[in-house]
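Reviewing the structure listed below.
As the structure is a prediction and not an experimental result, all values here were calculated from the model.
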Amino acid sequence: MTKRNWLTKSSLAILLSTSLLLIGVNGQALASTSNTVSTQSTSVGAKIIKAGEKYLGTPYKYASSRYDKSTMDCSEFTMWAYKEGSGINLGRGGARSQFKQGTKIKRSDLRVGDLVFFSTPATMKYPKDSINRIGHVGIYAGNNKVLHTYGAGGVRYSNMASGWWNDHYVTAVRITK
């Protein structure tokens, strides 16, 4: 194997193993071109996101069965992403049940894989610090993005930095260590 081929294969290995700094041939820094959350990382949170991404576009159905993955509601989606991505069983309960399983964290401390909770029009009547305010759950994907399912379009990414998702943000919990 020539030195150039070895460097190219080494560069590919580095490219596949990290999204923070990519080193190319001749020591040049290369930029990552991914527009979605990096699934190249081996962190638990990234594995959960990767498992969730395979359901992108799966239709939303309120109060889905928990057994049939052809449609999902928000807590079924997070249940499957956690189970398949990390082996963590969140149980078959809803968003409030999932909230009770984690350690509450500040929004400023969010990490990829944390569960994020939102109010819905039906839960807005409850005080902001009440568990009853929670009506929706998703998975924090980094860069103010949430991977979740709701309404038309099914499983998808949404921006929680502004607009509806920002206005309805309630709290977050960390399930992973």
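Between T78 and V137 there is a side-chain heavy-atom pair separated by less than 4.5 Å. Looking at heavy atoms from C-beta onward, I175 lies in side-chain contact with L115 at the 4.5 angstrom threshold. Considering only heavy atoms from C-beta on, D73 comes within 4.5 Å of Y60 through its side chain.
One distance of note links CG of N144 with OH of Y169; it measures 10.5 Å at 0.5 Å rounding. Rounded to the nearest 0.5 angstrom, I134 CD1 and S75 OG are separated by 11.5 Å. One finds the OG1 atom of T171 at 10.5 Å from the CG atom of D129 (value rounded to the nearest 0.5 Å). Interatomic distance, OG1 of T149 versus CD1 of I139, reported as 11.0 Å (0.5 Å rounding). Rounding to the nearest 0.5 angstrom, the gap separating the CG atom in D167 from the CE atom in M124 is 8.5 Å.
With hydrogens and angles disregarded, no donor-acceptor distance shorter than 3.5 Å links the side chain of T123 to the backbone of S119. A donor-acceptor contact shorter than 3.5 Å is absent between the side chain of R133 and the backbone of I131. Side chain of T58 to main chain of V155: no donor-acceptor pair is present (N/O by atom type, distance under 3.5 Å, no hydrogens or angles). With hydrogens and angles disregarded, no donor-acceptor distance shorter than 3.5 Å links the side chain of N166 to the backbone of G163. Q101 places a side-chain N or O within 3.5 Å of a backbone atom of L90 that can act as its donor or acceptor partner. Panel note: side chain N143, backbone K145; no donor-acceptor pair is recorded below 3.5 Å.
Summarising the geometry of H148 relative to V146, their closest heavy-atom pair is CD2-O, 3.5 Å, with the distance given to 0.1 Å. In terms of heavy atoms, L56 sits closest to R156 at CD2-CA, 3.8 Å. Here the closest non-hydrogen pair linking L110 and A172 is CD2-CB, 3.5 Å. Contact between F77 and G52 at its shortest, heavy atoms only, is CE1-O, 3.5 Å. Across all their heavy atoms, G135 and C74 have their closest contact at O-SG, 4.5 Å. Residues S70 and P59 share a closest heavy-atom pair of O-CD, 3.4 Å.
H136 has its ring centre no less than 6.0 Å from the ring centre of F117.
Under the 4.5 Å side-chain heavy-atom criterion for ILVMFWY residues, no single connected hydrophobic cluster contains both I49 and M160. Residues Y82 and I105 fall into different hydrophobic clusters, defined by Ile, Leu, Val, Met, Phe, Trp and Tyr side chains chained together at heavy-atom separations under 4.5 Å. One hydrophobic cluster, built from ILVMFWY side chains closer than 4.5 Å, holds both W80 and V44. Placement of V112 and I88 within a single hydrophobic cluster is found when ILVMFWY residues are connected by side-chain heavy-atom separations under 4.5 Å, directly or transitively.
For residues 80-109, the set of pairs meeting the salt bridge (charged side-chain N to carboxylate O under 4.0 Å, His left out) definition, not counting sequence neighbours, comprises K54-E84, K69-E84.
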(message) Is there a side-chain contact (heavy atoms from CB on, under 4.5 Å) between Y55 and M72? Walk through the geometry before answering.
(response) CA-CA 9 Å; Y55 296 108; M72 296 181 177; 3.4 Å; yes

(request) Just do the ring-ring contact (aromatic ring centres under 6.0 Å, His included) check on W165 and F118 with the steps written out, would you? (result) CA-CA 7 Å; W165 296 107; F118 303 88; 5.0 Å; yes

(message) For T176 and I48: C-alpha separation, side-chain torsions, deciding distance, then whether side-chain contact (heavy atoms from CB on, under 4.5 Å) applies.
(response) CA-CA 10 Å; T176 62; I48 292 166; 3.8 Å; yes

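Donor-acceptor pairing under 3.5 Å is lacking for the side chains of H168 and T120. Side-chain atoms of S64 and E76 form a donor-acceptor pair, as typed in the model, at a separation below 3.5 Å.
Annotation for Y150: atom OH does not count as buried by contact number, only 12 or fewer foreign heavy atoms lying within 6.0 Å.
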